[in-house]
Each structure stands twice: as C-alpha cells, then as structure tokens.
Amino acid sequence: MPELPEVENVVRGLKKNILNKKICGVEVLTESIINGDQNFTQKVQGQIIEDIQRRGKYIIIKLNQGNLLIHLRMTGKLLYNGDKDKHTHLILYLSQDTWLSYKDVRKFGRILYLSDSQLQNYLATKVGLEPLEMSFEEFSQRIMKKKGPIKKNLLDQGVIAGIGNIYADEILFASGVKPQYPTEKLDPADLKAIYENIKSILAIAIEAGGSTIRDYVDSTGKAGDFQNFHKVYGRFGQACVRCNSSLDKTKIAGRTTVFCPDCQKG
DNA sequence: CGTGCGGCCTGAATGC
DNA sequence: TGCATTCAGGCCGCAC
C-alpha cells in the first residue's frame with residue numbers, strides 16, 4: 001500500500017527514465033482508471049513530460065500543457081517498460097520506443113488529467129501539510145485543532161499528507177503514544193516526539209526504498225526494504241522490541257492498528 | 001460543517 | 001479438498 005515513502009521512490013525512479021520524453025500514444029484499457037474521461041487521449045497525446053513531483057501520496061506528472069494527477073491507492077503501480085497483463089489499465093507510449101504503464105489489481109487508483117488551475121485548486125482544498133517540510137509550529141497548530149484518536153488525525157490527508165496505516169502505527173510506537181490517545185490531551189513533549197518521528201521515520205523509509213508488504217514495487221520493479229524494520233505493523237501478538245510485552249491490536253478509523261499496551265502511553 | 005460508514009475491487013488467508 | 005467468508009486499507013460520496 002503505497003504511502004509517502006513508496007510514492008517518493010516511484011517519483012525518483014520516473015525522474016531517471018521518462019523526463020523530457022514525448023507521449024506518442026495512449027492506450028486506455030480500463031475507463032474507470034481515468035474516471036471515464038472521454039477526452040483523455042486527446043488531452044495527453046503529443047505532450048512532453050516536463051517534470052515529476054510528489055505531493056502527499058499523489059504523483060504529479062507535469063506536461064507542457066496541464067498535468068497528470070496520479071494516486072496509486074492500494075495496489076497501483078506505475079511501471080517503466082513493464083510487461084502487460086490482465087491488470088494493466090493504461091499505457092502511455094513514449095519516445096525512444098519506451099512506455100509507462102499503469103497496473104492495479106484492485107482498480108482503486110486514478111489517473112486524471114487536470115489543468116494547472118484545476119490541479120492547484122485540488123491540492124489546496126484536499127491536501128494538507130507536506131510532512132518533510134512542515135515546521136513544528138505548523139504541525140502542532142494543525143493537529144491541535146482536531147479531536148479524537150491521534151492516529152485518526154495522522155491519517156487525515158487534509159491535515160498532514162502522506163501518512164497511511166503502516167507509518168501511522170510506526171510513528172506512534174516510536175513516540176511512545178497509543179494510537180487511541182486523544183489528540184486534545186497530547187502534551188508538548190508528545191507533540192514534539194510525534195513531529196520528530198514523522199520526519200525521521202519517513203526519511204529513513206524513503207532511503208530504504210519504502211515498505212513492500214504484498215506487492216509494492218517502484219517504477220523499475222524494485223521492492224522496498226523498510227518492512228524488515230517495522231516494529232509494530234504486522235506484528236500483533238509478537239514481543240515488543242522495547243519492553244517485551246505482547247503487542248495488542250485494535251481498530252481505529254476502520255483500520256487495523258497494532259501497538260504496545262505497556263510502553264505506549266494512554 | 002463535520003463525522004462515520006459503505007462501496008469500490010481482487011486475491012490471499014482463514015473457516016467450516 | 002473445496003467452497004464460502006473475511007481481510008487488506010485509501011479515498012469518495014452519502015446519510016445524519
């Protein structure tokens with residue numbers, strides 16, 4: 001499930017391979033992936049790929065006119081020169097006999113063509129702070145406007161963009177705060193710890209190539225390593241690496257949540 | 001306006 | 001063994 005570190009690795013891979021290439025042809029195999037946009041091919045064909053950026057969990061491919069806004073959701077993959085199979089939904093044929101394909105077993109992901117103003121509007125209304133760039137003041141101001149379980153608010157993309165289920169649990173374990181701990185009760189030391197761990201865990205995960213749980217790979221087909229360093233995600237019932245207690249499990253905001261009942265406060 | 005939940009999807013894992 | 005059910009979790013849209 002691609003979160004910020006995985007998406008960042010996809011973007012880095014794409015930058016090596018598709019920058020400045022021309023989109024010579026478009027093959028739409030599954031209409032729902034482009035939200036049924038009947039003019040998609042016409043809008044994209046012939047354009048040059050000028051830049052590739054990440055914003056939260058979104059990939060933005062900047063064209064000479066307009067943008068592709070891509071979200072991989074759970075099982076989406078953008079592959080450079082990848083093979084075509086029954087889960088391939090879109091192929092962009094590029095210059096120099098290369099191609100970029102979109103593969104997605106569950107078809108949750110989306111690839112939308114947006115003008116510059118549409119893109120700016122979309123990001124401004126839906127996507128919150130960029131975790132690797134936010135200041136402590138920005139973070140604490142935003143998060144303290146929220147109530148309820150801290151994990152729920154770390155997952156809220158309108159507050160901070162890019163944290164999903166894996167990294168939320170890992171960040172809160174490292175911070176010594178239970179995922180269900182009420183946001184409004186966090187003291188300054190908790191906030192500081194959570195802030196620092198957001199930055200450090202995401203940065204380390206990026207350098208490890210992200211986490212591969214089932215099938216995440218970057219645009220060159222390479223899996224990540226960070227799953228080998230998870231301390232709570234996927235470790236329900238196993239021993240806490242800090243205090244040796246048995247890790248507990250619950251549901252928060254509809255998601256499986258693993259935490260240590262003894263060395264996380266709350 | 002905010003909140004919570006069903007729907008979207010498929011394949012792997014689990015239950016009987 | 002085989003069939004049915006559950007689970008995985010991001011985000012949208014809708015009901016309240």
Side-chain angles (χ1 to χ4, degrees), chain A residues 1-11 29-37 54-60 68-78 84-90 102-112 114 118-119 121-131 142-172 179-180 182-184 202 205 210-217 223-224 226-227 230 232-238 247 249-259:
Chain A
M1 48 234 67
E3 304 180 29
L4 187 149
E6 293 75 35
V7 175
E8 178 65 26
N9 274 281
V10 172
V11 167
L29 297 146
T30 305
E31 294 275 328
S32 62
I33 297 298
I34 55 169
N35 267 3
D37 182 352
R54 181 192 57 72
R55 182 76 173 86
K57 298 178 199 169
Y58 287 95
I59 297 163
I60 300 160
L68 291 175
L69 181 66
I70 303 168
H71 201 301
L72 305 173
R73 295 276 182 99
M74 302 295 297
T75 52
K77 298 174 190 175
L78 274 177
K84 181 177 173 181
D85 67 16
K86 64 173 179 172
H87 300 302
T88 302
H89 307 300
L90 178 73
Y102 182 72
K103 214 185 253 201
D104 190 343
V105 168
R106 295 170 72 179
K107 302 181 200 166
F108 281 3
R110 290 292 179 269
I111 299 183
L112 307 178
L114 296 180
Q118 285 173 323
L119 177 69
N121 187 48
Y122 190 93
L123 296 177
T125 54
K126 305 212 176 207
V127 187
L129 296 172
E130 200 54 49
R142 287 272 194 117
I143 204 82
M144 291 312 283
K145 282 184 188 159
K146 296 287 178 175
K147 289 175 182 167
I150 178 60
K151 176 171 176 178
K152 165 178 164 312
N153 295 321
L154 288 182
L155 291 172
D156 186 336
Q157 302 299 298
V159 178
I160 307 161
I163 299 171
N165 201 38
I166 295 171
Y167 295 103
D169 279 9
E170 294 299 320
I171 287 163
L172 290 169
Q180 52 274 62
T183 304
E184 60 271 23
L202 293 180
S211 302
T212 296
I213 299 302
R214 283 179 185 76
D215 58 358
Y216 161 74
V217 290
F226 194 68
Q227 67 281 2
H230 291 170
V232 281
Y233 181 87
R235 296 193 67 247
F236 166 65
Q238 298 182 38
L247 294 177
K249 180 166 83 167
T250 185
K251 279 236 187 228
I252 294 177
R255 276 148 218 152
T256 302
T257 298
V258 182
F259 62 98

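Remember, predicted model here, so these are calculated numbers, not experimental data. To find a chain, count down the sequence lines: A is the first, B the second, and so on, and within it residues start at 1.
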Could you list all N or O pairs between the protein and nucleotides 2-5 of chain B that sit under 3.5 Å apart?
none

Test salt bridge (Lys or Arg N to Asp or Glu O under 4.0 Å) applied to A:Arg55 and A:Glu130, step by step: CA-CA 7 Å; A:Arg55 182 76 173 86; A:Glu130 200 54 49; 2.8 Å; yes

With sequence neighbours left out, write down each residue that passes side-chain contact (heavy atoms from CB on, under 4.5 Å) with [X], or none if nothing qualifies.
X: A:Pro131; answer: A:Leu4, A:Met134, A:Ile160, A:Ile198, A:Leu202
X: A:Arg235; answer: A:Gln238, A:Val241, A:Leu247
X: A:Gln118; answer: A:Leu114, A:Ser115

Without decimals, in angstroms, what is the distance between [X] [atom1] and [N] [atom2]?
X: A:Asp104; N: B:dC9; atom1: CG; atom2: P; value: 11 Å
X: A:Lys77; N: B:dG11; atom1: NZ; atom2: C1'; value: 12 Å
X: A:Ile213; N: B:dA12; atom1: CD1; atom2: C1'; value: 14 Å
X: A:Asp169; N: C:dA8; atom1: CG; atom2: C1'; value: 14 Å

Note, A:Leu72 side chain near A:Lys77 side chain (heavy atom, < 4.5 Å): no

C:dC12 to B:dG11 separation - C1' atoms, rounded to the nearest Å: 23 Å

Interatomic distance at P, C:dC11 relative to B:dA12, whole Å: 24 Å

So which protein N/O to nucleotides 10-13 of chain C N/O distances come out below 3.5 Å?
residue, atom, partner, partner atom, Å
C:dG10, OP1, A:Asn165, N, 3.0
C:dG10, OP2, A:Arg255, NE, 3.2
C:dG10, N2, A:Arg73, NH1, 3.1
C:dC11, OP1, A:His71, NE2, 2.3
C:dC11, OP2, A:Lys57, NZ, 3.4
C:dC11, O4', A:Arg73, NE, 3.3
C:dC12, OP1, A:Tyr122, OH, 2.9

Geometric class of the A:Tyr167/A:His230 ring pair [parallel <30°, tilted 30-60°, perpendicular >60°]: perpendicular

Range-with-range stems for DNA chain C, at least three Watson-Crick or G-U pairs under 3.5 Å: B:2-8 with C:10-16, B:10-16 with C:2-8

Sugar-phosphate only, base, or nothing, as touched by A:Thr256 at under 4.0 Å among non-hydrogen atoms: sugar-phosphate

side-chain contact (heavy atoms from CB on, under 4.5 Å) assessment of A:Ile166 paired with A:Phe226: CA-CA 11 Å; A:Ile166 295 171; A:Phe226 194 68; 5.8 Å; no

Heavy-atom donor-acceptor pair, A:Arg106 side-chain to C:dA8 base, under 3.5 Å: yes

